[in-house]
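Okay, so here's the structure we're looking at.
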Amino acid sequence: MTDARLLGDDEATFIAAIRAEDTARFALVTERHRRELQVHCYRMLANYEDAQDMTQETFLRAWNKRESFRGHAALRTWLYRIATNACLDFLDKRNDRTPVPSELPDPGSEVRYLQPYPDRMLPEDPQESVVARETIELAFIVAVQHLPPRQRAVFILRDVLGWPASKAADVLELTVASVTSALQRARVTMREQLPGRRLDWRSPATHELSDDERGVVKSYIDAHERNDLDALVSLLREDLRFAMLPEPVTLIMTAEDAVDGWVSNGLFQRGYDDWRGITTTVNRMPAAALYLRAPGDPGYRPFAIAVLRIVDGKIAELTGFDAADKPWLSLPPAL
């Protein structure tokens, strides 16, 4: 085993914990990496609950394989290797973790297992490349799901985390040539999935909401609380892209058709007309957490979280998720 005196603090502490069979110290040093590893697993899987499970699996495998750590690589790199392969093993066993054809006329597809990622669980350093806004937004997460799993891992390690080809090859037990080829194919797919978006994912991107975004979310909530359908229509683009997961369909519709559809499904009708909302963020995106008070209920209960992509002061995309019984979203249980 490499002399711990020549290692960084994390590596030296980790090796000392291994030698002493000190599970508490082992947990302390690995826990520092939990949030970034969980983001990594989320990018691989697009599902928050699965990402939590695979992060736990990473720590379990790390303990079971602790004697294999020799300090030849940084502890962070070693943990990323384990997390990546845990996700690949998970995907290898699940046939429900690939996009399915969309019902839209364009050749799109649905990611029905998509879940939002609560911003409170992102690494605390806002400058970390792993949490740059554009690489955690829903559109990016969905686009990555169109890559085959190993190609997906190559793309994330190389173009998101900025690892050199040799390091990514070592983690995935591939040749540098294989990694380079996989990355080229992944970039082609990402350009197809995200036309018009920048592709230099390694450079930092802003994560703060603009005043314009905050204003639109506030107006969206106000329209619900007043049951003001005209105000709601005015906030939506005429080519709104709407999905309510896990329902298996994404729709593109006019603002009036969208609101008419919601009303015809019972929203803003008796029993679904007493709303409250709070502004929040998930996936570094503006979101409205909507609460509904049922007749006879003294409190407002979580109903849905609407994640919004706002373009020129209008809601261009609205992705809704069921918010009931989702404690990991950290929403107040009642208002």
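- Ion pairing of Lys218 with Glu225 is absent here, as no side-chain N (NZ or NE/NH1/NH2) approaches a carboxylate O to less than 4.0 Å.
- Ring geometry, Phe268 versus Trp275: the interplanar angle falls from 30° to 60°, so the pair is classed tilted.
- A donor atom on one side chain and an acceptor atom on the other are found under 3.5 Å apart for Arg34 and Gln56.
- For the pair Asp322 and Lys326, the salt-bridge criterion is met [side-chain N within less than 4.0 Å of a carboxylate O].
- Between the side chains of Tyr42 and Asn283, at least one donor-acceptor pair of N or O atoms lies under 3.5 Å.
- Ion pairing between a basic and an acidic side chain is recognised when a charged N comes within 4.0 Å of a carboxylate O; Arg76 and Glu36 show such pairing.
- Ring geometry, Phe14 versus Phe69: the interplanar angle exceeds 60°, so the pair is classed perpendicular (tilted spans 30 to 60°).
- Side-chain contact check for Glu49 and Gln115: at least one donor-acceptor pair (N or O, by modelled atom type) lies under 3.5 Å.
- Judged purely by distance below 3.5 Å, without hydrogens or angles, the side chains of Arg43 and Thr135 pair a donor atom with an acceptor atom.
- By the 4.0 Å N-to-carboxylate-O rule, Asp312 lies too far from Lys314 to be salt-bridged with it.
- Side-chain atoms of Arg61 never come within 3.5 Å of backbone atoms of Leu79 as a donor-acceptor pair (strictly under, hydrogens ignored).
- Neither side chain, Ser178 nor Ser181, offers a donor N or O lying under 3.5 Å from an acceptor on the other.
- Geometrically, Arg81 does not engage Trp78 in a cation-pi contact defined by less than 6.0 Å to the ring centre and at most 45° from the axis.
- Ion pairing between a basic and an acidic side chain is recognised when a charged N comes within 4.0 Å of a carboxylate O; Asp96 and Arg112 show no such pairing.
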Open item on the list: Using the rule given for side-chain contact (heavy atoms from CB on, under 4.5 Å), can you reason through Tyr220 versus Leu290, listing the C-alpha separation, both sets of side-chain angles and the distance that settles it, and then say yes or no?
Closed with: CA-CA 10 Å; Tyr220 179 81; Leu290 297 173; 4.2 Å; yes

